[in-house]
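All values below were derived from every heavy atom in this structure, side-chain atoms included, with hydrogens, water molecules and symmetry-related copies excluded.
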Amino acid sequence: RSAIPNLNALSQFRLAIATAEAQITRLKDVLQSDEEKFIVRSGARVFAGLKDAIEFRHLNFSYRGKHPILKDISFTIPKGQMCAIVGPTGAGKTTLVNVLIRLYECEPGSIFLDGSDIRDFAVASLTRYVGYVSQEPMLFNDTLRANVGYGLEGVSDASLHEALHKAKLDDLLGKLPDGLETQIGDRGVQLSGGERQRVSIARAFLKNPEILILDEATSALDTKTEKSIQQAIDEGRKDRTTIVIAHRLSTIVNADNVVVIEAGSVAEQGGFTELLERKGKFHEYWEMQRAKERSFFQAVLK
């Protein structure tokens, strides 16, 4: 009878080993070098900032040689301009941006920075000049200060307050019990969806990047807050190159160039007003959104 607890403990120990073995095997598969793995190779040149333009030249991309996601993408973003990328869900808009920021490898001679192949630059030196705000904010179970200043060293309170002010978070800061030292919970659970998005935007403003990428960054905001953030983005994009993936077309009226992506290809591109007058795909999306908005307001007023 006295041996039964020891046998139970041994059984639990064997179960723990079996569970850990499966987890360790999966971890080894991730860490083990394999020629078939999709690895982004870092170049040797140091990227010192954009001086002329970002250029896509007949870019093609697919995951592990499967069906193509991006097909023959070609357009140029001059330094200091705002380029909007629009299109239906699944068209390849986010993939295009992920290839640009080197999360995925592209073919040689597909993307150029100031006339040099992007593959020639060290990835770390490139990302130093890029600020990225995704549709899904990445927040940590830490303080507001740590989340806004993530990845940066020696950030002053004045700089943090300025970034929060630009992201229209003054009211939130005033409500938090411990101010910048308030714990916001895992994935920012203590904040609303709009507040989480604005914390992510404040992080990008604090970094003060030369290239700012906004992947539907205002999608979780109400109309009033979105307008305020849009004004801040319009002010913040001065003297920097901005790429905006937009769902709400009203947020890109000030874009210098609009690129419409459909099924992984460029359907059309041009200025906002120019594309509306052309009455092509962009005009079609514009009219569809206006119709949805009218239907929504009519339903609310009934």
Backbone of [Y] reached by a side-chain donor or acceptor of [X] within 3.5 Å:
X    : Y    : answer
T241 : G80  : yes
E210 : L50  : yes
D114 : D52  : yes
T76  : E55  : no
E195 : L172 : no
R119 : C106 : yes
D117 : G109 : yes

Quick one, [X] and [Y] - any side-chain contact, counting heavy atoms below 4.5 Å?
X    : Y    : answer
Q183 : D142 : yes
R145 : D157 : yes
S265 : D72  : no
I213 : V133 : no

**Request:** Any chance you could lay out the side chain to side chain contact (heavy atoms under 4.5 Å, CB included) test for I118 and V99, step after step, and finish with the verdict?
**Result:** CA-CA 10 Å; I118 196 171; V99 174; over 6 Å; no
**Request:** Take V259 and I73 through the test side chain to side chain contact (heavy atoms under 4.5 Å, CB included) and record every step on the way to the result.
**Result:** CA-CA 10 Å; V259 179; I73 299 287; over 6 Å; no
**Message:** When you measure from the centre of the six-membered ring of F47, is the NZ or CZ of R128 closer than 6.0 Å and no more than 45° off the axis?
**Reply:**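 Verdict for F47: no cation-pi partner in R128.
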Just verifying a value: how many Å separate [X] [atom1] and [Y] [atom2], rounded to the nearest 0.5 Å?
X    : Y    : atom1 : atom2 : value
L180 : L164 : CG    : CG    : 6.5 Å
H283 : L276 : NE2   : CG    : 6.5 Å
I77  : I85  : CD1   : CD1   : 6.0 Å
F205 : L169 : CZ    : CG    : 10.5 Å
N147 : R187 : CG    : CZ    : 13.0 Å
I54  : L113 : CD1   : CG    : 6.0 Å

**Asked** When you check the gap from the basic side-chain N to the acidic O, do K93 and D215 get nearer than 4.0 Å?
**Response**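 So K93 does not pair with D215 through a salt bridge.
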**Request:** Have a look at R102 and tell me which of L126, V130, T127 forms a side-chain contact (heavy atoms from CB on, under 4.5 Å) with it.
**Result:**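 Per the side-chain contact (heavy atoms from CB on, under 4.5 Å) rule, the option paired with R102 is L126, out of L126, V130, T127.
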**Request:** Would you check, one step at a time, whether the test side chain to side chain contact (heavy atoms under 4.5 Å, CB included) holds for L160 with L206?
**Result:** CA-CA 7 Å; L160 281 166; L206 182 64; 3.7 Å; yes
**Asked** Among H247, R290, E262, whose side chain to side chain donor-acceptor pair (under 3.5 Å) with Y285 holds?
**Response**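 Of H247, R290, E262, side chain to side chain donor-acceptor pair (under 3.5 Å) with Y285 is met by E262 alone.
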**Message:** Is the ring pair F272/F282 parallel, tilted or perpendicular, if the boundaries are 30 and 60 degrees?
**Reply:**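 Plane angle over 60°, so perpendicular.
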**Asked** Is it true that atom CG of D178 has more than 12 heavy atoms of other residues, nucleotides or ligands lying nearer than 6.0 Å?
**Response**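 More than 12 heavy atoms, drawn from other residues, nucleotides or ligands, come within 6.0 Å of this atom.
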**Item:** Steps toward side chain to side chain contact (heavy atoms under 4.5 Å, CB included) verdict (H161, L173)
**Value:** CA-CA 9 Å; H161 282 287; L173 190 60; 3.2 Å; yes
